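In what follows, a single structure is set out as structure tokens and then discussed.
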Amino acid sequence: MRPRTLDEVVGQEHLLAPGSPLRRLVEGDAPMSLILFGPPGTGKTTLALIVSSATNRRFEQLSALNAGVKDVREIIARAKAELTHAGRQTVLFIDEIHRFSKTQQDSLLGAVEARHVTLVAATTENPFFSIVSPLLSRSLLLTLQPLDERAVETLVDRALADERGLAGAVTLDADARAHLLRLAGGDARRALTALEAAAGTVLAEGRDAVDLATLEKAVDSAAVRYDRDGDQHYDVVSAFIKSIRGSDPDAALHYLARMLEAGEDPRFIARRLVVHASEDVGLADPTALLAATAAAQAVQLIGLPEARINLAQATLHLALAPKSNGVVRAIDAAQADVRDGLAGSVPPALRDSHYPGARKLGAGERYVYPPDTPDGVVTQQYPPDELVGRDYYTPAGRGAERAVAERLERLRAVVRGRPQRS
């Protein structure tokens with residue numbers, strides 16, 4: 001069911017308009033190199049084949065999963081020979097180019113610059129992270145969007161009726177259709193694969209209608225669109241943390257489930273929860289860090305699949321907790337002062353006095369031991385002279401930090417010898 005012309009392509013209207021670079025490349029003869037960036041099943045390979053066939057160009061294909069520099073150089077040599085002797089251009093399609101190393105990508109530069117080949121490269125990963133800048137600057141970047149439900153439905157209907165597909169041999173029940181479109185998630189390949197599997201089952205049983213039960217049996221579960229080594233990894237983790245920070249437990253659980261289903265290392269998830277517990281919850285809920293570290297320990301002791309429950313509990317705890325970034329702002333401010341040179345001498349009273357001769361140097365003199373006093377807090381200088389009166393920690397006034405803010409004000413007044421407010 002792969003489209004053979006641009007007019008058969010469904011979706012990606014922003015790339016197919018009259019006069020667009022893609023149409024000019026297909027309908028003209030300009031040896032323009034392309035990088036096609038988009039999620040699986042959106043038509044990257046299809047567009048590459050259309051580009052190669054539209055003007056009778058030669059087509060060479062490599063997969064970055066198993067090709068090396070030697071393979072690239074052999075294709076470039078053949079392309080040069082074909083261009084020299086027959087005047088025929090070569091389209092080199094490289095699938096998953098983000099898996100090429102920097103050296104492998106660099107080996108393409110000369111041929112692309114000299115236009116010995118028209119490079120059409122496909123990637124599901126952000127090209128600004130995964131493709132070397134010189135190659136990116138020599139190519140036209142086209143971004144493909146996930147197909148919407150209407151586009152996938154058009155392709156499903158075409159496959160049901162077209163002679164290249166099922167040619168009307170089966171029909172698709174309404175509830176099965178809705179489930180198939182939901183399962184596809186904008187991936188045409190996934191939708192057609194599921195339809196083919198279900199149709200095969202129906203025809204083998206002598207029936208002519210694909211119902212919901214048959215479709216569900218044919219497709220056990222939807223493949224999760226998530227690459228542990230690519231930018232989807234970072235996007236999903238980012239969405240996970242931002243959902244917790246935004247106090248949306250349901251969204252946080254969704255992203256947790258996506259990571260677990262995709263085989264993400266549970267220790268990585270646990271580490272992110274531990275960081276988040278202090279970074280975005282902090283003393284607004286002091287038990288958040290305990291919950292996160294307990295979940296991390298449970299992952300070590302128990303492992304998956306049971307530890308998913310511990311991770312879910314910690315996720316819910318953090319999502320529902322009051323939020324404060326007071327801890328991270330405090331340590332950021334303190335480190336900024338140190339980097340700026342505000343790191344004076346330790347006050348004499350606080351210096352170590354346990355070595356011989358320390359007292360002669362004034363170390364430890366006039367130090368007051370707070371636990372020996374009635375209130376456990378005394379007026380005493382703790383920071384260097386340059387930082388007296390400097391405030392780093394500012395409680396957010398939410399959750400447990402409301403009480404912390406009140407106590408902190410009283411403590412600072414006593415320690416710094418300021419009159420307390422009535």
Side-chain angles (χ1 to χ4, degrees), residues 1-9 12 15-16 20-38 40-144 164 189 229-230:
M1 292 306 304
R2 190 185 297 280
R4 292 166 294 192
T5 67
L6 285 183
D7 292 333
E8 288 186 353
V9 174
Q12 316 307 337
L15 302 179
L16 303 175
S20 66
L22 182 59
R23 278 208 178 268
R24 293 203 311 272
L25 178 60
V26 171
E27 296 169 356
D29 235 359
M32 187 188 312
S33 291
L34 299 178
I35 293 175
L36 303 173
F37 165 47
T42 52
K44 297 185 294 296
T45 305
T46 292
L47 291 178
L49 290 169
I50 291 173
V51 167
S52 68
S53 62
T55 54
N56 198 31
R57 299 179 177 100
R58 290 179 64 251
F59 184 74
E60 296 267 13
Q61 182 170 357
L62 289 175
S63 172
L65 289 172
N66 49 35
V69 172
K70 180 183 177 183
D71 302 302
V72 172
R73 288 175 176 164
E74 288 177 354
I75 288 178
I76 290 173
R78 290 199 296 268
K80 286 182 181 178
E82 187 72 18
L83 189 61
T84 301
H85 300 301
R88 191 180 179 202
Q89 295 175 353
T90 297
V91 172
L92 170 57
F93 176 59
I94 301 180
D95 197 15
E96 301 199 61
I97 192 172
H98 56 272
R99 297 189 184 274
F100 261 180
S101 67
K102 183 180 183 299
T103 301
Q104 290 170 308
Q105 292 186 33
D106 285 343
S107 68
L108 295 163
L109 292 175
V112 170
E113 179 74 25
R115 297 192 170 178
H116 293 142
V117 297
T118 296
L119 174 67
V120 180
T123 177
T124 57
E125 304 300 329
N126 190 326
F128 293 100
F129 295 143
S130 59
I131 297 178
V132 296
S133 297
L135 187 57
L136 196 59
S137 67
R138 289 167 172 79
S139 308
L140 180 66
L141 174 62
L142 300 181
T143 301
L144 283 71
R164 291 179 291 163
R189 187 186 300 113
D229 299 319

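Residues: numbered from 1 along the sequence shown. Since the model is a prediction, treat every value here as computed from it, not as a measurement.
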[X] side chain vs [Y] backbone, donor-acceptor pair below 3.5 Å:
X      : Y      : value
Glu125 : His98  : no
Thr84  : Ala81  : no
Ser33  : Leu119 : yes
Lys44  : Gly38  : yes
Arg23  : Leu16  : yes

Tell me, do [X] and [Y] make a side-chain contact under 4.5 Å, heavy atoms counted?
X      : Y      : answer
Leu49  : Phe93  : no
Glu60  : Glu82  : no
Thr46  : Glu8   : no
Leu22  : Leu34  : yes
Leu135 : Ile97  : yes
Leu47  : Leu142 : no

**Prompt:** Could you walk me through whether Val72 and Gln104 pass the side-chain contact (heavy atoms from CB on, under 4.5 Å) check?
**Reply:** CA-CA 8 Å; Val72 172; Gln104 290 170 308; 5.8 Å; no
Quick check for you: to the nearest 0.5 Å, what is the distance between [X] atom [atom1] and [Y] atom [atom2]?
X      : Y      : atom1 : atom2 : result
Leu141 : Leu136 : CG    : CG    : 6.0 Å
Glu96  : Thr123 : CD    : OG1   : 8.0 Å
Thr45  : Gln61  : OG1   : CD    : 6.5 Å

[X] to [Y] - nearest heavy-atom pair and separation:
X      : Y      : value
Ala67  : Phe100 : O-CE2, 3.6 Å
Arg189 : Gly41  : NH1-N, 3.4 Å
Thr143 : Leu15  : O-CD1, 4.0 Å
Gln105 : Val132 : OE1-N, 2.8 Å
Thr90  : Arg58  : OG1-NH1, 2.6 Å
Ala48  : Leu36  : N-CD1, 4.5 Å

**Prompt:** Do you know which of Leu108, Leu109, Ile35 makes side chain to side chain contact (heavy atoms under 4.5 Å, CB included) with Arg138?
**Reply:** Leu109
